[in-house]
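Contents: one structure, followed by commentary.
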2 protein chains.
Amino acid sequence: MSTDDFLRLDLQLCFPLYAASRAMVQAYTPLLAKLGLTYPQYLVMLVLWETDGVSVKELGEKLYLDSGTLTPLLKRLETLGFVRRERSKEDARSVTVSLTAQGKALRRKAASIPEAIVCRTGLTLEELARLRRDIQRLFEKVSSRSA
Amino acid sequence: MSTDDFLRLDLQLCFPLYAASRAMVQAYTPLLAKLGLTYPQYLVMLVLWETDGVSVKELGEKLYLDSGTLTPLLKRLETLGFVRRERSKEDARSVTVSLTAQGKALRRKAASIPEAIVCRTGLTLEELARLRRDIQRLFEKVSSRSA
DNA sequence: ATCGATTCAATTGCGCGCAATTGAATTGCG
DNA sequence: CGCAATTCAATTGCGCGCAATTGAATCGAT
């Protein structure tokens, strides 16, 4: 394969990944708009629905996002009434994020979203699981050296 | 599979895709920084290196980006001295983007990037081609209904 | 030829992402 | 204990993405 081929846009892995990621987020957008959430906000809610009361640091570790992204995002979720942010008593450097009643209630409204998205991909659960695993593997490989 | 399982972060396709996409861009970042480019700017340069003299509309169709993203990005590339932007003579609504000598010269400096990224993924060219094809297929499926 | 509809790029506004810095709280080493 | 190093969240600054709007140019149907 020549340098030219390598440089050709459509032969590269990253561009399809980048385009597909944005397209997926766009598929979520109208569904999430009904809940008043953006996709990154939805990710934070997914973490909290699974484990209520986590620090900003823990959120960052799970979502691979830093405080520069999370702090303003969490403030918006707080303004929306879905989460509470409070300084930890054990460690005043840390901020604990927890669900409000409204935030917990939102889970039921979000319940139909994952299936709608799976449908939209047109993939079977097996194909989906394989693709997810392959992409996860790629992620681990690519993100490792920079950490 | 239960609703809870569906909602579980790690079972979803979109989050790994989203994380992998950002990780890939981060892998490019230090390499592109040597050229003075961001990843989206690099994508524009890839298009121009393949086909010099394209309209903003054509760029948008190839990269799935709109003028709201492209116009300021192209202005930055122009300030950097890599591209020229001029109103089309045949159709004054359209703006044609073309490479400067400096923009053409940049191609040689970028030649080593794709291979470095492929290396970083640790995948064989066959595995890479298959993953790319699967992701492209996902993209087409997901992006179709919204268009 | 006219005029409403369409097609362009540009603009506005907002929410990420992320690098870099700041400042407060905690840790841990001597 | 004392104090330098570390660990937190917050802040700053910038470049996307994208929805929505604007305004100019072109098209197309009559």
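Throughout, a chain's letter reflects where its sequence line sits, starting with A, and its residues are numbered from 1. When reading the values below, keep in mind they use all heavy atoms of this one structure, side chains included, and skip hydrogens, waters and symmetry mates.
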As a test of reading the structure: which of [options] is closest to the side chain of [X], going by heavy atoms?
X       : options                : value
A:Val56 : C:dT11, D:dA9, D:dC18  : D:dA9
B:Thr38 : D:dG15, C:dA9, D:dT26  : D:dG15
A:Asp66 : D:dA25, D:dC16, C:dA19 : C:dA19
A:Thr71 : C:dC18, D:dG17, D:dA9  : D:dA9
A:Thr69 : D:dG17, D:dA25, C:dC18 : C:dC18
B:Arg93 : C:dT6, D:dG17, C:dA9   : C:dT6

Checklist entry - More 5' along DNA chain D: B:Ser67 or B:Tyr39, using each one's nearest nucleotide? => result B:Tyr39
Checklist outcome for this item: Assign each of B:Pro40 and A:Ser55 the nucleotide of DNA chain D bearing its closest heavy atom; nearer the 5' end lies the nucleotide of A:Ser55
Can you check whether [X] has a side-chain N or O nearer than 4.0 Å to OP1 or OP2 of [N]?
X       : N      : answer
A:Gln26 : D:dG17 : no
A:Lys75 : D:dT11 : yes
B:Arg76 : D:dC16 : yes
A:Gln41 : C:dG15 : no
A:Arg87 : D:dA9  : no
B:Arg85 : C:dA10 : yes

Please give, in whole Å, the distance from [N] [atom2] to [X] [atom1]?
X       : N      : atom1 : atom2 : answer
B:Tyr42 : D:dG15 : OH    : P     : 20 Å
A:Phe15 : D:dG17 : CZ    : P     : 11 Å
A:Leu65 : C:dG15 : CG    : P     : 16 Å
A:Leu70 : C:dG15 : CG    : P     : 15 Å

Checklist entry - Is it true that A:Lys57 and A:Glu61 make a salt bridge, defined as a side-chain N closer than 4.0 Å to a carboxylate O? => result yes
Checklist entry - Is the number of heavy atoms from other residues, nucleotides or ligands within 6.0 Å of CD (B:Glu86) greater than 12? => result yes
Checklist entry - CE of A:Met24 to CG of B:Leu13: how many Å apart, nearest 0.5 Å? => result 4.0 Å
Item to check | B:Leu138 CG to A:Arg120 CZ distance, which is reported to the nearest 0.5 Å | outcome: 10.5 Å
Item to check | Axis deviation across the helix from C:dA1-D:dT30 to C:dG30-D:dC1, five-pair ends, to the nearest 10° | outcome: 20°
Item to check | Listed once per pair and sorted, the ring-ring contact (aromatic ring centres under 6.0 Å, His included) pairs that draw on residues 104-144 of chain B, sequence neighbours left out | outcome: B:Tyr64-B:Phe139
Next on the checklist: For the backbone of B:Arg93 and the side chain of B:Arg87, can you confirm whether one donor and one acceptor N or O come within less than 3.5 Å of each other?
Outcome noted: yes
Checklist entry - DNA chain C: A:Glu90 or A:Tyr64, which has the more 5' nearest nucleotide? => result A:Tyr64
